[in-house]
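Okay, so here's the structure we're looking at.
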Amino acid sequence: MSVYNFRLIEKKWQEYWSKNNTFKVEVDSSKPKFYVLDMFPYPSGAGLHVGHPISYIASDIYARYKRHKGFNVLHPQGYDSFGLPTEQYAILTGQHPEKTTKININRYRNQLDKMGFSYDWSREIRTSDTDYYKWTQWMFILLFNSCYDLNLDRAVNINKLVKIFKNQGNENINFYCEENILKFTSKDWDSFSKQKKEEILQKYRLAFISYTEVNWCEKLGTVLANDEIVNGVSERGGFEVTKKKMEQWSIRIGAYAERLLSGLKKIEWSDSIKDIQKNWIGKSTGYSLSFKIYNSKSELQVYTTRPDTIFGVSFLAVSPDHELISQLTIDKYKKNVDSFVKSFKLKSERDILTKINNSSGIFTGSYAIHPLTGNKIQIWIADYVLSSYGYGAVMCVPCGDERDFKFAKKYKINIINIFKNINISTKPHTEKIYDELINSDFLNGLNYEEANQKIGLKLEKNNIGFKNVKYKIRDSVFSRQRYWGEPIPIYFKNGIPHSLKKDDLPLKLPVIKNFLPTPEGNPPLGNAKIWAWDEKKRIVVDKKYIDNINIFPLELSTMPGWAGSSWYFNRYMDPKNKLNFVGSRELNYWKEVDLYIGGIEHASGHLLYSRFWQKFLYDFNLVPTDEYAKKLVNQGMILGNSAFIFRTSKSNTYISKNLVNDNQYERVRVDISLVNENDELDIEKLKKWLPEFKDANFKLENGKYIVAREIEKMSKSKFNVINPDDICKKYGADTLRLYEMFLGPIEQSKPWSMSSISGVHNFLKKTWKLFHLRDNFEISKNDPSVNSLKSLNKAIKKVNEDIQKLSFNTCISSLMICVNELLDQKCNSLVILKPLLILISPFAPHFSEELWSLIGSKSTIANEKFPDHDDSYLIELTKNYPISFNGKLRFKKELSMDLSNESIEKIIMSDKKTNFYLNGQKPKKIIIIKGKIINIVV
RNA sequence: GCUCGGGUGGUGGAAUUGGUAGACACGUUGGACUUAAAAUCCAAUGACCAUUGCGGUCGUGCGGGUUCAAGUCCCGCCCCGAGUACCA
């Protein structure tokens, strides 16, 4: 009896690969390059589950395929070892993050090696290594010392701006800045204090510090970026997030909004991810208008995308933290306004979410003048107006906007209808489609397009407003009040931030005992004794010397998780370089990632930040392309099948699923290893699992305890994790790899189920059998039959196409068909053996390489050439197609002609290269169904 | 609410982009081998009707339409998933 002994095979080749560095690559200009990248994992404590490798398997198949195709393939792996998840795990287990990181990485590596990936491990990187984060810090300094020149549309050194200020003040400058800065001359600039100068420069720096409102998460003890908050709570842990004003570092990603948007056109990323990024950037084109305030010299700026509705404006609204509030509020209303503003500031992120569509506000007592009608209109403070978008003030058109409508109804403000034949008594008309405007002076009678154009011209002509583009994307908060991250290389001299220099780096994370965050937001680095900067000696020294003349406090917060992951793909090209973040020879050879595979959950986080970061580096000629990944594929998640048992309230009795008839039960998660595939619970195992179940009682149905199931995200805390190690042990790595690819399309999420794993395992066994008789390698020496070659060439063609499309499930299907057909024909010849092995090898690397060695090939399969299919075997099929013609021929349109059976046969025989003409035209397509000609398309 | 995806057998999923729907695999049923089990192999397997045979009808969420031909295109609904959320 023959045995497919995957254990022996896999062990042998894993050892061979690591001993021989089989997958090590170097720059080789004689070969075309190809760069296949996985999103590197966070080494969290839970280890890998079967969901993780799905993308690694896909990328590994592609990398192996490309090697066969003659490419020099860069396929590296590393660890995103800084950041919240690692630190949370460290805190949870009471160990230092440095230690847990090492342990976790070893565990990951062990698991990865078992699955036979073809990574070049000599290029491994860890974001928490000083040799790595030195460069992250260096890039931060570069951001700090840069501003965005809108004329050149790129980042430039801040000194350029300083020079301009010195020579001509800030009149007529075109640098990216969201705030209005008072005009000053070159003389003014010279007279400004250092502090004042820096205050102005901070508005332009791409990395800057400011006292701003941030998302504060008390439980995590840190601020969070917008993309780290989901449904009003923290993404990690699901804790409450509130607003808090704090001194923070931020990155001016908004300067790159337009380029981040337009760059999407040149990359092959999925539409869904492009949509998410487009939404996140949120470009809109509208008009900035200024409303004069009645009895005042001030003006109120608003932004609108609907200038056509300007005659429907019946009030203005400003956000509760608008800078003009104190000026606008008249004494009579002051008390009420103050208390309204105060209560608004106490609201948490989640409060605001639940208050949507139930907005409230208060009248300031002052009025603005409508720029076209001259009417007096009320100015309100409304909590639905966002301070961070536009000018924090809006013109309100109740007849055309849902929020304005509700607000006007609630506070009984006048509603003007400007749409002819549209009833707005119960709901506003929010669409841009209407027949005619009314009550709109010179816009009366016009539709949307006409009105929009006419009002635009008028606004600009009368200097009321100007066309303006706005983006939703906000500055990204860059400080984390956490320990386990890159220290921000900044020290403060008289309150002014100064960056370290390149030679000062790395600024090493100090070793401290107490690295827990504090609820007040004091960063753990505040606990470090040796954490002050000696400007003269350029070293870190004890804080007690801070009163000395050259010694200054260092920044206490660290960088967020996305800092290190925003440029790691460049470091893989040259990971050991001491002089530069990557060498120019390597950079010019590898250039960019050709295929990037990873989860879609990073769409508005890592995948956006890294594009920004790359563009920034590109602006300084540090990288050759401004988009780092040509093609991106998002793999779907593998979901777990959690199990629940039911506890009667306040007792220790558990009752079987179908006996539960009311809500008097608590659902309790149990580990899925305690449950078999028929949902029966192993009660004895459960009792040993956790002490709380030791003395539990159970109510059974038909002598069994049946659990409830639920499909959800795979996670250790949900006790629904399947460990790939267990599957490797039972079926082998090749079966696991094949199976994960066979489950369905790579992009799709799917629940894990073991039910059909025997199918792919059988396929491997059959392939083995194709070349073995009993335990001995044995193949026929006969020439292959035509049918065998047909099957083989069909498979070669399909496999080629499918791998390129990353359609691995259909690819495996065609391999299964091929092997089945070859088994039937019992024609196992060397001629077909070679190409078949290469076909299978990207999926089952150990298995086929074992066969290579058996047939005596000296080379490893990595060097074999992927076969091309031979068309002549495929055309054969067409020739044998049964042809008969009876009945009427029907043609499209006026075409008609008589065809005999014979002439049709001719058409078919000559295939697409036919010389047959129909009414002087060459047929595009001849449709034959069940041997009958249905139609000829010309 | 808005913006994207997507609804195909008992299950996971195919379908050359408008051309024989259900490939491939799981599961199920029957059979062979076996003292027996496992393993392996063979056959059947969308539903319904007809079965001695041939065969027939209906079938890709629902309702219409275009076409010789629709899972695929168009119009109107229903449901599921993802992203986003007072963005003026």
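First the proteins, then the strands, lettered A, B, ... as listed; each starts at 1. Since we're looking at a predicted model, the values are computed, not measured.
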key: Separation of B/G27 C1' from A/Phe742 CZ (nearest whole Å)   = 14 Å
remark   = By nearest-nucleotide position on RNA chain B, the 5'-leaning member of A/Tyr391 and A/Asn809 is A/Asn809
key: Contacts of type side chain to side chain contact (heavy atoms under 4.5 Å, CB included), residue A/Glu268, not counting sequence neighbours   = A/Lys631
key: Sugar-phosphate, base or nothing in reach of A/Asp401, heavy atoms under 4.0 Å   = nothing
key: side chain to side chain contact (heavy atoms under 4.5 Å, CB included) assessment of A/Leu822 paired with A/Leu836   = CA-CA 11 Å; A/Leu822 293 180; A/Leu836 183 68; 4.1 Å; yes
query = Checking all strands, does A/Asp271 fall into the base, sugar-phosphate, or nothing category for heavy-atom contacts under 4.0 angstrom?
reply = nothing
inquiry  = Just by distance, no angles: are the side chains of A/Arg709 and A/Ser642 close enough, under 3.5 Å, to form a donor-acceptor pair?
reply    = no
note = Checking B/A15, B/C4, B/G83 against the side chain of A/Asp275 (C-beta onward), the nearest is B/C4
inquiry  = If I take atom CZ in residue A/Phe763 and atom P in nucleotide B/G12, what distance separates them, rounded to the nearest angstrom?
reply    = 23 Å
task = Using side chain to side chain contact (heavy atoms under 4.5 Å, CB included) as the criterion, point out the one residue from A/Phe843, A/Tyr4, A/Phe6 that pairs with A/Leu764.
result = A/Tyr4
ask   = Say you pick atom C1' in B/C33 and the same atom in B/A39; how far apart are they, in whole Å?
value = 11 Å
request  = Taking ring-ring contact (aromatic ring centres under 6.0 Å, His included) as the test, write out the residues that go with A/Trp752, two or more places apart.
outcome  = A/Tyr739
task = Could you list the residues that satisfy side chain to side chain contact (heavy atoms under 4.5 Å, CB included) with A/Lys427, not counting sequence neighbours?
result = none
request  = Could you tell me the separation between the CG atom of A/Leu386 and the P atom of B/A85, rounded to a whole number of Å?
outcome  = 11 Å
task = Please measure how far the C1' atom in B/A85 lies from the corresponding atom in B/C26, and state the result in whole Å.
result = 42 Å
note = Sorted by position of nearest nucleotide on RNA chain B, 5' first, the leading residue of A/Ile817 and A/Ser604 is A/Ile817
message = I'd like to check the side chain to side chain contact (heavy atoms under 4.5 Å, CB included) partners of A/Glu747; sequence neighbours left out, ordered by chain and number.
response = A/Val633, A/Pro745
task = Let me see the working for A/Lys790 and A/Glu821 under salt bridge (charged side-chain N to carboxylate O under 4.0 Å, His left out), right down to the final yes or no.
result = CA-CA 10 Å; A/Lys790 226 182 264 179; A/Glu821 285 174 356; over 6 Å; no
Donor-acceptor pairs under 3.5 angstrom involving side-chain atoms of residues 392-400 of chain A: please list them, not counting sequence neighbours.
none

request  = Write down the distance separating the C1' atoms in B/G13 and B/C24, rounded off to the nearest Å.
outcome  = 9 Å
message = Nearest whole Å is fine: how far is B/A39 P from A/Lys769 NZ?
response = 13 Å
ask   = Just how far, in rounded Å, is P of B/U8 from CD of A/Gln748?
value = 11 Å
inquiry  = Mind checking if A/Leu743 touches a base, just sugar-phosphate, or nothing, with heavy atoms under 4.0 Å?
reply    = sugar-phosphate
ask   = Under a cut-off of 3.5 Å for both distances of each Watson-Crick or G-U pair, what dot-bracket string does RNA chain B give, using [ ] for crossing pairs and | for inter-strand pairs?
value = (((((((..(((......[....)))((((((.......))))))((((.....))))..(((((..]....))))))))))))....
key: Distance-only side-chain donor-acceptor flag, A/Thr309 / A/Tyr448, under 3.5 Å   = no
Chi class for B/G53: syn within 90° of 0, otherwise anti = anti
ask   = Between B/A88, B/C87, B/C26, which nucleotide gets closest to the side-chain atoms of A/Asn762?
value = B/C26
request  = Pull out every residue in residues 750-761 of chain A that has a heavy atom closer than 4.0 Å to any atom of RNA chain B, ordered by number, or say none.
outcome  = A/Ser755, A/Ser756, A/Ser758, A/Gly759
Polar side-chain contact A/Arg403-B/C87 base: donor and acceptor under 3.5 Å = no
note = Residue set satisfying side chain to side chain contact (heavy atoms under 4.5 Å, CB included) with A/Lys750, at least two apart, ordered chain then number -> A/Ile54, A/Leu743, A/Gln748
message = Between P on B/U84 and CH2 on A/Trp280, what's the gap in Å once rounded to a whole number?
response = 6 Å
key: Interatomic distance, A/Phe808 CZ vs B/A23 C1' [rounded to whole Å]   = 19 Å
query = Looking across every strand, which nucleic acid part, if any, lies under 4.0 Å from A/Lys765 by heavy atom: base, sugar-phosphate, or nothing?
reply = sugar-phosphate
task = Determine the Euclidean distance between corresponding C1' atoms of B/G19 and B/U72; express it in Å to zero decimal places.
result = 11 Å
key: Pairwise C1' distance for B/A69 and B/U17, with rounding to whole Å   = 15 Å
ask   = Say you pick atom C1' in B/G10 and the same atom in B/C77; how far apart are they, in whole Å?
value = 29 Å
message = Could you work out, with ring-ring contact (aromatic ring centres under 6.0 Å, His included) as the rule, every residue matching A/His429, not counting sequence neighbours?
response = A/Phe419
request  = Rounded to whole angstrom, note down the C1' distance from B/G9 over to B/G5.
outcome  = 24 Å
task = Sequence neighbours left out, what passes side-chain hydrogen bond (donor to acceptor under 3.5 Å, both in side chains) with A/Ser753? Give chain and number order.
result = A/Ser755
Integer angstrom distance from the P of B/U16 to that of B/G65 = 27 Å
request  = Pull up the glycosidic torsion of B/U40 and say syn or anti, syn being anything within 90° of 0.
outcome  = anti
task = Quick one: label A/Asn820 by what it contacts on the DNA or RNA (base, sugar-phosphate, nothing), any heavy atom closer than 4.0 Å.
result = sugar-phosphate
ask   = By ring-ring contact (aromatic ring centres under 6.0 Å, His included), which residues pair with A/Phe466, not counting sequence neighbours?
value = none
Between protein and nucleic acid, restricted to nucleotides 42-46 of chain B and to nitrogen or oxygen atoms under 3.5 Å apart, what atom pairs and distances do you find?
none

request  = Tell me what A/Lys766 touches on the nucleic acid: a base, only sugar-phosphate, or nothing, going by heavy atoms under 4.0 Å.
outcome  = sugar-phosphate
ask   = Rounded to whole angstrom units, what separation is found between the NZ atom of A/Lys283 and the C1' atom of B/U3?
value = 18 Å
